[in-house]
Amino acid sequence: MTNILVTGANGQVGSELQFLARNHSDWQFQFTDHTQLDITDEQAVRTYFAKNKVDYCINCAAYTAVDKAESEPDRAEAINVQGVVHLAKACQQHDAQLLHISTDYVYDNAINRPLREDDPTDPKSVYARTKLAGDLEALQHNERSIVLRTSWVYSSFGHNFVKTMIRLGKERDQLGIVFDQIGTPTYARSLADAILHVISQLSIEKSTMQRGVFHYSNEGVCSWYDFASAIFELKKIDVNVLPILSKAYPTPAARPTFSVLDKSKIKEVFGVDIPHWRADLKACLEALLSPVES
């Protein structure tokens with residue numbers, strides 16, 4: 001029996017992993033949130049691993065309040081860096097493999113082509129700096145760590161851009177959405193499914209050689225303006241969407257201007273199939289109609 005620990009299990013990706021777990025009855029899942037396992041508490045992490053068999057740890061726990069992190073750097077550091085250190089060390093000690101979810105925010109945005117895993121990093125915010133530091137700690141302290149960098153995550157669970165746009169589109173006649181930030185939306189369910197596919201491949205091959213940084217986002221490219229327009233189109237919400245520059249909507253933390261991820265590596269190494277973002281957006285909107293997913 002394969003034992004999989006999921007930290008931060010009530011977030012978007014964690015919730016999707018819980019949803020998909022029903023399809024993997026041959027695996028034993030342990031879903032924890034911060035009340036059940038505080039990853040910032042080193043002793044708590046050590047105790048948990050000592051008491052529970054863990055073969056794979058999927059770390060969905062993160063401080064993701066990008067703007068708030070600018071005023072709470074210590075909290076962001078505790079979760080995004082020290083928490084990862086504690087998990088990586090525990091995984092190393094107990095012969096478990098860490099799969100750590102990270103972000104497109106870590107890269108140098110001056111590269112005007114799809115970003116590869118070995119491209120230069122240049123984090124521009126507290127959130128980005130702590131996430132990059134966590135990535136490096138994961139790789140340093142667990143020889144089998146896999147860091148999965150993703151972008152623009154949304155889901156039928158929790159709070160996210162898709163749900164916000166649906167609400168605002170119904171409340172207002174006109175919305176201004178930035179069009180000079182380019183990337184790719186990622187449906188958390190597809191990301192969760194890809195993570196489980198990676199684990200299934202690792203379990204089959206019994207290989208300790210697959211480690212390092214991998215990218216996963218949906219296929220395709222768009223701006224936030226394009227993304228919002230697609231949401232309104234599919235939901236048949238009549239609202240006037242205006243393209244605006246980022247400088248017209250200033251935020252405490254800088255956002256990437258270009259963060260399209262090259263997914264060649266994860267497709268080649270693990271055989272992951274990746275849907276287009278519009279297809280997955282449609283799937284998510286359909287999932288939102290289900291009473292079990294909200």
Side-chain angles (χ1 to χ4, degrees), residues 1-18 20-21 24 26-64 73-103 106 127 129-150 191-192 194-214 216 270:
M1 177 71 74
T2 299
N3 295 278
I4 302 172
L5 167 64
V6 180
T7 59
N10 290 333
Q12 293 187 98
V13 181
S15 295
E16 296 290 5
L17 285 165
Q18 292 188 60
L20 294 174
H24 297 272
D26 52 332
W27 292 350
Q28 182 67 47
F29 287 88
Q30 306 160 34
F31 293 105
T32 63
D33 64 11
H34 70 280
T35 62
Q36 297 157 316
L37 178 59
D38 180 0
I39 66 169
T40 67
D41 183 338
E42 184 174 13
Q43 188 54 52
V45 172
R46 285 180 177 175
T47 301
Y48 187 93
F49 274 75
K51 289 183 176 179
N52 299 275
K53 171 63 176 168
V54 177
D55 297 305
Y56 299 94
C57 172
I58 306 172
N59 182 32
C60 301
Y63 185 110
T64 57
D74 292 344
R75 183 65 180 154
E77 167 93 12
I79 300 171
N80 292 346
V81 185
Q82 292 308 314
V84 179
V85 171
H86 301 155
L87 289 174
K89 286 182 174 179
C91 284
Q92 184 71 15
Q93 183 181 354
H94 294 273
D95 193 28
Q97 187 157 12
L98 176 64
L99 292 91
H100 171 64
I101 299 175
S102 189
T103 175
V106 304
Y127 167 71
R129 287 193 294 272
T130 57
K131 287 299 290 180
L132 176 59
D135 295 357
L136 299 176
E137 295 288 3
L139 296 169
Q140 178 183 341
H141 294 290
N142 183 271
E143 62 187 13
R144 296 164 60 199
S145 284
I146 288 176
V147 173
L148 285 162
R149 289 178 179 155
T150 188
L191 173 57
I195 292 169
L196 297 179
H197 177 80
V198 166
I199 289 176
S200 70
Q201 294 300 109
L202 292 168
S203 301
I204 292 167
E205 295 172 12
K206 301 293 182 187
S207 171
T208 59
M209 298 304 292
Q210 299 303 344
R211 67 183 299 275
V213 180
F214 291 82
Y216 184 94
F270 293 110

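- A distance-only check finds a donor-acceptor pair linking the side chain of Ser145 to the backbone of Ala138 [under 3.5 Å].
- Side-chain contact between Tyr56 and Cys91 is absent, with no heavy-atom pair separated by less than 4.5 Å.
- Legend: residues meeting ring-ring contact (aromatic ring centres under 6.0 Å, His included) with His24, ordered by chain and number and at least two apart, are Trp27.
- Looking at heavy atoms from C-beta onward, Arg149 lies in side-chain contact with Asp135 at the 4.5 angstrom threshold.
- The nearest pair of heavy atoms linking Gln210 to Leu202 is CB-CD2, 3.8 Å.
- Partners of His141 according to the side chain to side chain donor-acceptor pair (under 3.5 Å) rule, which considers only residues two or more places apart in sequence or in another chain, are Glu137.
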### Query
Step by step, would you call His100 with Leu148 a side-chain contact (heavy atoms from CB on, under 4.5 Å)?
CA-CA 6 Å; His100 171 64; Leu148 285 162; over 6 Å; no

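- Within the 4.5 Å cutoff, the side chain of Leu99 has no heavy atoms near those of the Val147 side chain.
- With sequence neighbours left out, the side chain to side chain contact (heavy atoms under 4.5 Å, CB included) criterion links Arg75 to Thr40, Tyr63, Glu72, Ile79.
- A 6.0 Å sphere centred on NE2 of His34 holds no more than 12 heavy atoms belonging to other residues, nucleotides or ligands.
- Closest heavy-atom contact between Ala96 and Asn142: O-ND2, 3.2 Å.
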### Task
May I have the step-by-step check of side-chain contact (heavy atoms from CB on, under 4.5 Å) for Ile58 and Val13, ending in yes or no?
CA-CA 10 Å; Ile58 306 172; Val13 181; 5.8 Å; no

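- A distance-only check finds no donor-acceptor pair linking the side chain of Arg46 to the backbone of Ala90 [under 3.5 Å].
- Partners of Ala21 by side chain to side chain contact (heavy atoms under 4.5 Å, CB included), not counting sequence neighbours, listed by chain and number: Phe29, Phe31.
- Without hydrogens or angle criteria, Asp33 side chain to Gln36 main chain gives a donor-acceptor distance under 3.5 Å.
- Residues satisfying the side chain to side chain contact (heavy atoms under 4.5 Å, CB included) test with Thr7, not counting sequence neighbours, are Leu5, Thr32, Leu37, Ile39, Cys57, Asn59, Ala61, Leu87.
- Sorted by first and then second residue, the pairs that involve residues 86-96 and meet salt bridge (Lys or Arg N to Asp or Glu O under 4.0 Å), not counting sequence neighbours, are Asp95-Arg144.
- Within the 4.5 Å cutoff, the side chain of Val198 has no heavy atoms near those of the Ser200 side chain.
- Listed here is the closest heavy atom pair of Gln30 and Tyr48: OE1-OH, 2.7 Å.
- Using a 4.5 Å heavy-atom threshold, the side chains of Leu139 and Arg211 count as touching.
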### Query
Given Thr150 and Phe214, is the side-chain contact (heavy atoms from CB on, under 4.5 Å) satisfied, shown in steps?
CA-CA 9 Å; Thr150 188; Phe214 291 82; over 6 Å; no

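- The heavy-atom pair separating Val6 from Gly14 by the smallest distance is CG1-CA, 4.4 Å.
- Of all non-hydrogen atoms in Gly134 and Val84, the two that sit nearest each other are O-CG1, 3.3 Å.
- Ser15 places no side-chain N or O within donor-acceptor distance of the main-chain N or O of Gln12, the cut-off being under 3.5 Å.
- Counting all heavy atoms, side chain and backbone alike, Met1 lies closest to Gln28 at SD-N, 3.5 Å.
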### Verdict with reasoning, Asp55 to Thr2, per side-chain contact (heavy atoms from CB on, under 4.5 Å)
CA-CA 6 Å; Asp55 297 305; Thr2 299; 4.3 Å; yes

